[in-house]
Structure formats: C-alpha cells, structure tokens
There are 4 protein chains.
Amino acid sequence: MDVLPPRHLKARKQPRQARAATTIDAIFEATIQVLIAEGTHRLTTTRVAERAGVSVGTMYQYFPHKQSLLYALNERYLDRLAHRVEVTCLAHHGRTTGEMVEALIATYWEAKTERSDVTRALYSSAVELDNEALIDAFAKRMDAATRVMLVSAPNNRYTDIGLINVTLLSVIFGTVRNVFERNLPPSDQNAIRDELKRMCLAYLTMAGGETCATIQVA
Amino acid sequence: MDVLPPRHLKARKQPRQARAATTIDAIFEATIQVLIAEGTHRLTTTRVAERAGVSVGTMYQYFPHKQSLLYALNERYLDRLAHRVEVTCLAHHGRTTGEMVEALIATYWEAKTERSDVTRALYSSAVELDNEALIDAFAKRMDAATRVMLVSAPNNRYTDIGLINVTLLSVIFGTVRNVFERNLPPSDQNAIRDELKRMCLAYLTMAGGETCATIQVA
Amino acid sequence: MDVLPPRHLKARKQPRQARAATTIDAIFEATIQVLIAEGTHRLTTTRVAERAGVSVGTMYQYFPHKQSLLYALNERYLDRLAHRVEVTCLAHHGRTTGEMVEALIATYWEAKTERSDVTRALYSSAVELDNEALIDAFAKRMDAATRVMLVSAPNNRYTDIGLINVTLLSVIFGTVRNVFERNLPPSDQNAIRDELKRMCLAYLTMAGGETCATIQVA
Amino acid sequence: MDVLPPRHLKARKQPRQARAATTIDAIFEATIQVLIAEGTHRLTTTRVAERAGVSVGTMYQYFPHKQSLLYALNERYLDRLAHRVEVTCLAHHGRTTGEMVEALIATYWEAKTERSDVTRALYSSAVELDNEALIDAFAKRMDAATRVMLVSAPNNRYTDIGLINVTLLSVIFGTVRNVFERNLPPSDQNAIRDELKRMCLAYLTMAGGETCATIQVA
DNA sequence: AATGAATGAGCCTTCATTCAT
DNA sequence: TATGAATGAAGGCTCATTCAT
C-alpha cells in the first residue's frame with residue numbers, strides 16, 4: 001500500500017540492507033505463526049522476537065511498538081492480496097462479464113482460502129488496529145482495478161458503473177468473510193462460491209452487462 | 001439462543017430477583033458503553049463494574065470471568081437480532097419473492113445500522129471469544145426462518161432451496177458487515193443496500209423464483 | 001481445652017440450644033471436609049458455609065471470623081485427642097513400664113493414624129494460627145497424665161521423672177509427625193512404631209525404670 | 001537436591017550471569033525475611049520483590065510463580081542441611097556408636113537451632129507446597145549418609161540396620177521439630193537434646209551396637 | 001548494532017466481612 | 001434470626017517498553 005500510515009504507526013526504519021529485510025521478514029512470519037498458534041491475546045512482543053530468532057531490542061529497532069508491527073503486517077498482506085487481484089483483472093481485460101466475475105471471485109476466494117489459518121490470524125490481528133487508512137487504500141485499489149476491467153467488457157451498457165462496481169466488491173468480499181467465519185465444510189464453501197458467481201452474474205446481466213442467455217458458471 | 005455454551009463460559013447464576021436482573025442489565029449496558037468509548041483492549045472488568053455502578057465482586061457473582069460476560073452479551077445480542085428477523089419472516093409469509101428480499105435485507109440492515117456503534121462494539125468484542133456455538137445457532141435459526149418464508153412464495157420452483165437460502169444469507173450478512181467496516185457515508189451505504197436487494201432478486205429470479213418481469217425494488 | 005483463648009479468637013456464642021450445637025458441629029465437619037478436599041488455601045468461609053448447609057451470615061454468628069473457627073476446630077480436636085490419651089493413662093496405672101509405653105504409643109499413633117486425612121488437614125489448618133496457648137495446654141495435660149502413670153509403675157527409681165517424661169512425649173509426638181510427613185507405606189510405619197516402642201523402653205530401662213531383662217514389645 | 005521437581009514448580013531460568021545469581025540470592029533472602037517478619041499468609045510477591053530490591057517482573061523472570069519460589073527456597077535449604085549432616089557423618093566414620101549419635105544429633109540440632117526463626121519460617125512456608133519429592137530426596141540422602149556411618153562402627157552386630165537407621169532418623173528429626181514447636185526455653189531444649197542422645201544410644205546398644213557399659217553422653 | 005534483564009503499571013480474580021431484607 | 005447479595009482491598013501475574021552492557 002502506498003498510503004501514508006498514521007504517523008505513530010510508521011515502522012522505524014526502512015530496510016536498506018538485505019540483512020534487515022531478512023530480519024523483518026522473519027519477524028512477520030513469526031508474528032503470523034504466533035497468531036496462529038496462540039491467538040491474538042497471547043501475541044506478545046517477546047514471543048514474536050523469540051520465534052523470529054532475534055532479541056526484543058532488535059525488534060524494537062524496526063517497529064517502535066507492537067501496533068506498528070501489526071500495522072505493517074496488515075499492510076504487507078493487503079498489498080500482496082491487492083496485487084494478485086490486479087493481475088487477474090489485467091489478465092481479463094476485454095473478456096466477457098461472465099469470465100470476469102468468474103475470475104475475480106476465484107482469485108479472491110483462492111487467496112483467502114489457500115491459507116485459511118493465516119487469513120483468520122490476520123483478521124483477528126486487525127481488531128483494535130487503527131487501520132482504516134489501509135482498508136481504504138485497499139478498497140480504492142480494488143475499485144480501480146475491477147472497474148477498468150468491467151468497463152472493458154464488450155457490449156457493456158452499465159448505467160452506473162461506479163455503484164455497480166462497489167456493490168460487487170462489497171458483496172464478494174463480504175461473502176467470503178462470512179463464509180469463513182461460519183466454518184462450513186469445504187464442499188459447502190465451494191457450493192456457495194459458485195452460487196455467488198451466479199448471483200453476481202445475474203446482477204450484472206440485469207444491470208445491463210449482457211443478455212440472460214449468457215449466464216454460465218464454470 | 002438456546003445453545004449450551006461451552007461449559008466454562010456459562011454465567012454463574014441466573015437472576016432470581018428483580019434487583020439482580022436490573023444489575024445484570026446494567027452490567028450489559030456498561031459493557032457496551034465501555035466497548036464503544038474505549039475499545040476492546042481497554043475493556044477491563046474494573047471499568048465495566050465502575051460504569052455499571054456495581055463492585056467488581058458483584059460482577060463476578062454473575063459472570064465467573066470476563067469471557068463469560070462477553071459471551072453472554074453476544075448471546076443476548078444475537079438472540080434479539082434473530083428474533084427481529086424471525087418476526088419479519090413470519091410477517092412476509094406468502095408474499096412475493098421481491099417483497100421478501102426487500103423486507104429481509106431492510107430488517108437486517110436496519111438492525112445492524114440503527115446503533116452502528118453498538119454493532120461495531122459487538123463485532124470487536126467477539127474476537128478471541130469462543131463463540132462458534134453461538135454463531136452456529138444463530139445461523140441455524142436464520143436459516144430456518146428464511147427458508148420457510150422463501151418456500152411459501154407463490155410460484156416458487158427452486159431446485160435447491162437449501163443452497164439458495166444459505167447463499168442468500170451469507171451474501172446479505174457478509175455484505176452488511178463489509179459495508180460497515182468500510183465506513184462509507186450513509187448515502188453510499190443505502191445505495192449499496194438497494195443494489196444488494198436487486199442482486200438478490202436477480203439471483204432468485206434466475207434460480208426459479210419468479211419471472212424477470214417482477215424485478216422491483218422499493 | 002480449658003484455656004482462655006486469645007480474646008480475639010473466642011467464638012461468638014456458646015451453643016445453648018441443641019439446634020445450635022448441631023449447626024456448630026456441621027460447620028466443624030464441613031471445615032474438615034473442605035480442608036481435605038481442597039486444601040488450606042481454598043478453605044473459604046463461603047465454601048465451608050455451603051458445605052455445612054448454612055449461610056455465611058449464620059456462620060458469622062457463631063464464629064466472628066475465620067480464625068476463630070479454625071481455633072475452635074483445633075481446640076476441639078486437641079481436646080478429644082488429650083482425652084483419649086488420658087483414658088489410656090488411667091487404664092494403665094500401676095502396670096509395668098513396658099505396658100505403659102506400649103499403650104501410650106499405640107493410643108497416640110492410632111488416634112493420629114486412623115483418619116490420616118483429618119490429621120493432615122488439621123496440621124495444615126494450624127499454620128499461621130495463633131494457637132500457642134492451645135499447644136501449651138495440650139502439652140500440660142499430656143504431661144500430667146503420663147507422669148502420674150509413669151510414677152505409678154512398681155519398682156520405678158527414676159531420678160528426674162519430669163525430664164524423662166517430657167522427653168518421652170517429645171520423642172513420641174515428634175516421631176509420629178515425622179513418619180506422617182514422609183508418607184511411608186503402612187508396613188514401614190508400623191515397623192517404625194514398634195521400634196519406637198523398643199527405643200522408649202530401652203530409654204526408660206536405662207533411666208531406672210526396670211531391669212534390662214524385661215524389655216519386651218508386643 | 002538433585003531431584004526433578006514437579007514440572008510446574010521448576011524455576012524459569014538458571015542464572016547465567018553473576019548479576020542474576022546475586023538477584024536470585026537477594027530474592028531468597030528477602031523471602032526468608034518476609035516470612036519471618038510477616039508470616040506465611042502475608043508473604044506476597046510484591047512484598048518479597050520490594051524487600052529484595054527488585055521489581056516483581058524480575059522475580060517472575062526467575063520464578064514462574066510464587067510456589068516455584070518457595071519450592072526453590074526449600075530445596076536450597078534442605079540441600080545445605082543435608083550437606084552439613086553428610087559432612088558430619090563422613091567425619092565420624094569408624095568412631096564408636098556413642099560418638100556417632102552424639103555428633104549426628106548435635107549437628108542436626110545445631111543446624112535447626114542456630115537460626116530458629118529461619119527454621120520456623122521454612123517449616124511454615126512448606127505447608128501447601130507440593131514438596132514431597134524434596135522431602136523424599138532429603139530423606140534418602142540422610143538415610144544413606146547415616147547408614148554408611150553406622151555400619152562403619154567397630155563391633156556392630158545390628159540385625160536390621162535399615163530399620164534401625166530409619167527409626168533413628170525419624171525420631172531425631174521428629175523430636176527436634178516437636179521441641180521447636182513447643183517453644184520451650186533453651187535450657188529445657190538442651191536438656192531434652194541430651195536425653196535424646198541417651199535414648200538413641202540406649203536403643204542402639206540394645207539393638208546390638210555395643211555393650212551397655214559404653215553408654216556415655218557428652 | 002544487538003542483546004535481554006529489568007521495570008512497573010495495570011489486569012483479572014478471590015474472599016473475608018457486612019448489612020439490608 | 002437467617003439469609004446471601006454486595007463490597008472492595010489485595011493478591012498473583014503479564015507484558016510493552018527501556019536501557020545498560
């Protein structure tokens with residue numbers, strides 16, 4: 001994310017050297033591991049440092065306090081997630097709306113699901129974190145990416161592409177999270193995912209994307 | 001909810017006297033207030049007790065520990081929420097799918113939005129709370145209520161009502177939460193809400209609910 | 001014990017009515033039960049009252065505070081113990097030293113061992129209890145009882161009966177406790193008990209009690 | 001003691017640096033001081049830390065909880081005590097039984113008496129402490145030390161040295177404690193101590209240690 | 001630069017005791 | 001007189017953060 005973080009959340013130093021980058025990565029990984037293994041309420045700086053193989057002191061050289069660590073972690077996560085979605089969007093320029101929806105949902109779903117423990121850990125780490133700016137920036141990036149893609153669809157005659165687009169994203173992102181939290185068995189999750197594709201497609205079709213005849217889900 | 005809570009989360013004593021009931025209510029209210037005013041990580045038993053106008057000792061007479069308080073709070077909240085939705089569902093038996101979707105989304109959205117600070121507070125309080133059972137029971141209640149309603153629609157020819165129903169709920173609940181977290185201005189929120197109605201309707205129509213011609217949103 | 005307890009440890013009211021005596025007994029029993037089942041550090045007034053089937057309020061009517069309860073409990077225990085030993089001593093007036101030692105040790109050992117959990121519970125309850133006066137009175141009673149018995153032995157030619165007597169009691173009481181704390185298997189305990197008898201007898205014989213020839217242990 | 005302590009009672013970290021060792025010693029000393037000055041029931045982590053001149057946090061770096069501190073303290077104490085007795089035993093190899101008993105009792109008595117406040121404090125700290133393993137290990141060490149010594153006596157013809165030995169130790173240790181608890185004036189204590197020597201000697205003589213003629217107490 | 005011992009505010013929880021009913 | 005809800009001081013323990021080495 002290229003947003004300015006709230007001043008107090010900035011990481012202390014930018015990694016200039018390879019060694020530093022390695023250390024920071026180790027700290028990030030350790031944070032996730034602790035989060036998964038012990039839960040948010042047992043996520044302590046000491047534990048993270050220990051798991052990362054560095055001293056607390058060193059950790060505090062990179063992250064002036066716990067919050068900044070979590071902030072940076074979420075930043076990195078959202079950045080990667082956004083990137084994946086952007087790549088997908090670019091790759092589906094000019095395709096049919098059906099293909100777009102299919103690809104968008106598949107990508108996002110996959111990204112969230114492939115390491116569900118990590119996803120869950122990050123959801124929980126974000127609580128009580130002043131990460132509105134992060135969420136916002138992520139939303140904007142996604143918005144831009146999908147909008148450009150949608151518009152590129154042949155035959156589109158959307159009246160309010162902005163609204164349609166933001167709706168689509170809210171629905172997709174929201175549904176994924178909801179399904180996540182209900183801890184349904186994978187088969188049910190997949191079934192819902194496919195229904196979600198159908199639903200989005202029906203919506204787009206109705207909104208002027210394509211004719212009814214093209215409704216198709218892989 | 002009439003689920004058995006995990007043993008260790010049970011409240012200590014059921015209020016027998018009116019005085020006790022008052023006390024418990026005060027504690028619940030205080031918890032919400034503290035949650036709103038200070039956030040989850042500053043929610044301490046002392047602060048809650050103080051705000052509720054009772055001593056910590058008294059609090060511990062009703063809730064064996066902090067977690068059980070949060071559990072009970074969420075239980076109460078979900079119970080009321082479920083109740084509201086059930087009432088709506090009953091009231092729309094036999095109506096058209098359009099009316100149903102409209103009413104369902106309106107009710108849920110309203111319930112979540114009218115006291116958005118409370119909603120937000122409860123979302124955050126639930127983190128790290130072993131409330132799976134609660135979520136589950138809530139989901140089942142909702143599932144049952146909307147399913148019965150949907151089936152009662154004239155002309156319905158749904159093939160897999162179970163899947164359709166669960167999808168609908170995941171989408172609606174998920175979207176509400178997502179919109180919530182993005183902190184969009186109310187006008188945008190409402191716009192998305194209406195789009196959501198359209199989307200659900202399009203989905204149901206496509207799935208065999210009614211003919212395209214009836215698509216209508218208030 | 002007929003000692004004046006430290007003023008602040010006095011029980012609040014003497015049981016005048018049968019009902020009160022029953023209640024007090026229930027409280028004593030409950031105290032012992034809690035002590036055995038949960039240990040000293042979980043011995044709370046509430047738990048005792050609950051187990052005794054009375055309310056805390058009622059308990060506080062008989063015992064102005066926790067300490068007074070424990071004091072009274074120990075008093076009762078030592079009183080009964082002393083009584084048992086006194087009876088034995090009286091019953092062995094004029095017998096041989098060997099019979100006396102045998103009986104004394106047997107009685108005391110039996111009293112301590114027959115309900116070892118109770119004994120242990122009372123040992124632990126006495127810690128940090130200002131019960132010096134109790135111990136003292138108990139010691140004096142024992143001293144008097146055994147001394148009179150010892151002197152009544154035919155042929156005794158003890159030079160310093162007072163010292164011999166106090167030594168005997170210290171050795172016996174101390175050994176019992178020590179064996180107790182080491183948690184040896186019963187067979188070992190019994191073996192040591194018999195050795196203790198031999199030892200005491202050897203001591204008395206040497207000190208002028210009887211001729212070597214009479215050393216005999218049952 | 002070289003026993004494995006119950007897992008949960010282990011000290012957290014072994015002192016690697018001189019500074020840490022100093023800290024730990026200060027904590028031990030402080031614990032004893034608090035125990036003496038205030039009693040077991042006022043022994044709080046805060047008070048100990050304060051008296052030791054460290055913060056609670058530091059204390060918890062070395063002892064994971066209060067119990068482990070008391071455990072370690074008792075361990076250290078018993079270790080030193082055992083060592084003293086062992087030295088005495090070694091120093092009296094091959095001597096007469098009379099000299100052995102004299103030395104054994106003198107050493108143990110001295111060790112317990114020279115700082116009677118400390119001894120008393122430690123007795124009381126051990127209540128409700130799961131220190132059976134400690135007691136056991138101590139007993140075994142003592143047993144071994146005194147047995148080897150006893151056997152080395154010229155002319156010994158003990159039939160069951162094991163039983164005799166364990167009896168001797170129980171009697172000596174028990175008597176010391178009993179005398180201790182009765183708070184007799186020092187002169188009485190010493191008188192009893194000498195009688196105890198006589199008694200033990202009479203016992204050993206009778207049990208085949210030596211001829212009656214050698215009974216002698218310093 | 002890196003380390004990790006030390007700090008201490010603050011959290012959750014218990015329990016002896018009181019007192020309105 | 002009996003009850004048990006309410007009290008709140010005090011205890012054990014954690015953990016973000018600092019700083020001497």
Side-chain angles (χ1 to χ4, degrees), chain A residues 13 17 19-20 23 41-50 53-69, chain B residues 12-13 15-17 19-20 22-24 41-50 52-69, chain C residues 13 17 19-20 23 41-50 53-69, chain D residues 12-13 15-17 19-20 22-24 41-50 52-69:
Chain A
K13 61 166 76 169
Q17 310 166 13
R19 182 165 50 132
T23 300
H41 74 129
R42 303 207 60 195
L43 180 82
T44 70
T45 50
T46 311
R47 258 190 276 266
V48 169
E50 192 177 5
V54 299
S55 68
V56 239
T58 299
M59 236 188 70
Y60 270 81
Q61 214 119 59
Y62 294 104
F63 303 99
H65 41 247
K66 205 182 161 190
Q67 294 268 322
S68 66
L69 165 61
Chain B
R12 198 167 259 166
K13 63 164 82 163
R16 298 278 158 104
Q17 307 173 14
R19 183 165 50 133
T22 308
T23 300
I24 287 191
H41 75 128
R42 302 208 61 198
L43 180 83
T44 70
T45 52
T46 313
R47 258 189 278 264
V48 170
E50 193 173 6
V54 298
S55 68
V56 238
T58 297
M59 250 193 59
Y60 274 84
Q61 207 131 53
Y62 296 104
F63 303 98
H65 42 246
K66 205 184 159 189
Q67 293 264 321
S68 69
L69 166 60
Chain C
K13 62 166 76 167
Q17 310 168 10
R19 182 166 50 132
T23 300
H41 74 129
R42 302 208 61 194
L43 179 82
T44 71
T45 52
T46 311
R47 257 190 276 266
V48 169
E50 193 176 5
V54 299
S55 68
V56 237
T58 300
M59 234 187 72
Y60 270 82
Q61 215 119 57
Y62 294 103
F63 302 99
H65 43 248
K66 206 185 163 188
Q67 292 268 322
S68 67
L69 166 62
Chain D
R12 198 167 257 164
K13 64 164 82 162
R16 299 278 158 105
Q17 307 173 12
R19 181 165 53 134
T22 307
T23 300
I24 288 191
H41 75 126
R42 302 207 61 196
L43 180 83
T44 70
T45 52
T46 314
R47 257 190 277 267
V48 169
E50 193 173 5
V54 300
S55 67
V56 238
T58 297
M59 250 192 58
Y60 275 85
Q61 208 133 52
Y62 296 103
F63 303 98
H65 43 247
K66 202 185 162 189
Q67 293 264 321
S68 69
L69 166 60

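The model shown is predicted, which means the values in this text are computed figures rather than measured ones. Below, chains carry the letters A, B, ... as their sequence lines are ordered, and counting in each starts from 1.
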Inset, instruction - Kindly indicate whether the side chain of D:Lys66, heavy atoms from C-beta on, has any atom under 4.5 Å from the side chain of D:Val48. - result: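 A side-chain contact is absent here, since even the closest heavy-atom pair is not under 4.5 Å.
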Whole-Å distance separating the [atom1] atom of [X] from the [atom2] atom of [N]:
{"X": "B:Ile24", "N": "F:dA5", "atom1": "CD1", "atom2": "P", "value": "11 Å"}
{"X": "C:Met59", "N": "E:dT18", "atom1": "CE", "atom2": "P", "value": "13 Å"}
{"X": "D:Phe63", "N": "E:dA6", "atom1": "CZ", "atom2": "P", "value": "12 Å"}

So, is [X] near the phosphate of [N], with a side-chain N or O under 4.0 Å from OP1 or OP2?
{"X": "B:Thr58", "N": "F:dA5", "answer": "no"}
{"X": "D:Gln61", "N": "E:dG4", "answer": "no"}
{"X": "C:Ser55", "N": "F:dT3", "answer": "yes"}

Legend entry - Partners meeting side chain to side chain donor-acceptor pair (under 3.5 Å) with D:Thr58 (sequence neighbours left out):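 Side chain to side chain donor-acceptor pair (under 3.5 Å) check on D:Thr58 returns D:Ser55.
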Inset, instruction - Would you kindly compare C:Gly53 and B:Val54 by the position of their nearest DNA chain F nucleotide and give the one closer to the 5′ end? - result: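 Looking at the nearest nucleotide for each, C:Gly53 comes out on the 5' side.
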Legend entry - Closest non-hydrogen atom pair between B:Phe63 and B:Ile24, with its separation: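 Result for this residue pair: CZ-CG2, 4.3 Å.
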Distance (rounded to the nearest 0.5 Å) between [X] [atom1] and [Y] [atom2]:
{"X": "B:His65", "Y": "B:Met59", "atom1": "NE2", "atom2": "CE", "answer": "11.0 Å"}
{"X": "C:Thr23", "Y": "C:Tyr62", "atom1": "OG1", "atom2": "OH", "answer": "4.5 Å"}
{"X": "B:Tyr60", "Y": "B:Thr45", "atom1": "OH", "atom2": "OG1", "answer": "4.0 Å"}

What are the atom names and distances for every N/O pair under 3.5 Å that joins the protein to nucleotides 9-13 of chain F?
from	atom 1	to	atom 2	distance (Å)
F:dG11	OP1	D:Arg47	NH2	2.8
F:dG12	OP1	D:Lys66	NZ	2.7
F:dG12	OP2	D:Thr45	N	3.0
F:dG12	OP2	D:Thr45	OG1	3.3
F:dC13	OP2	D:Tyr60	OH	2.6
F:dC13	OP2	D:Lys66	N	2.9
F:dC13	O5'	D:Tyr60	OH	3.4

Inset, instruction - List in chain and number order the residues that pass side-chain contact (heavy atoms from CB on, under 4.5 Å) with B:Thr44, two or more places apart in sequence or in another chain; answer none if no residue qualifies. - result: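 Counting only residues at least two positions away or on another chain, B:Thr44 forms a side-chain contact (heavy atoms from CB on, under 4.5 Å) with B:Thr46, B:Arg47.
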Inset, instruction - With pairs defined as Watson-Crick or G-U wobble and both distances under 3.5 angstrom, please note down DNA chain F as a dot-bracket string, | for pairing with another strand. - result: .||||||||||||||||||||
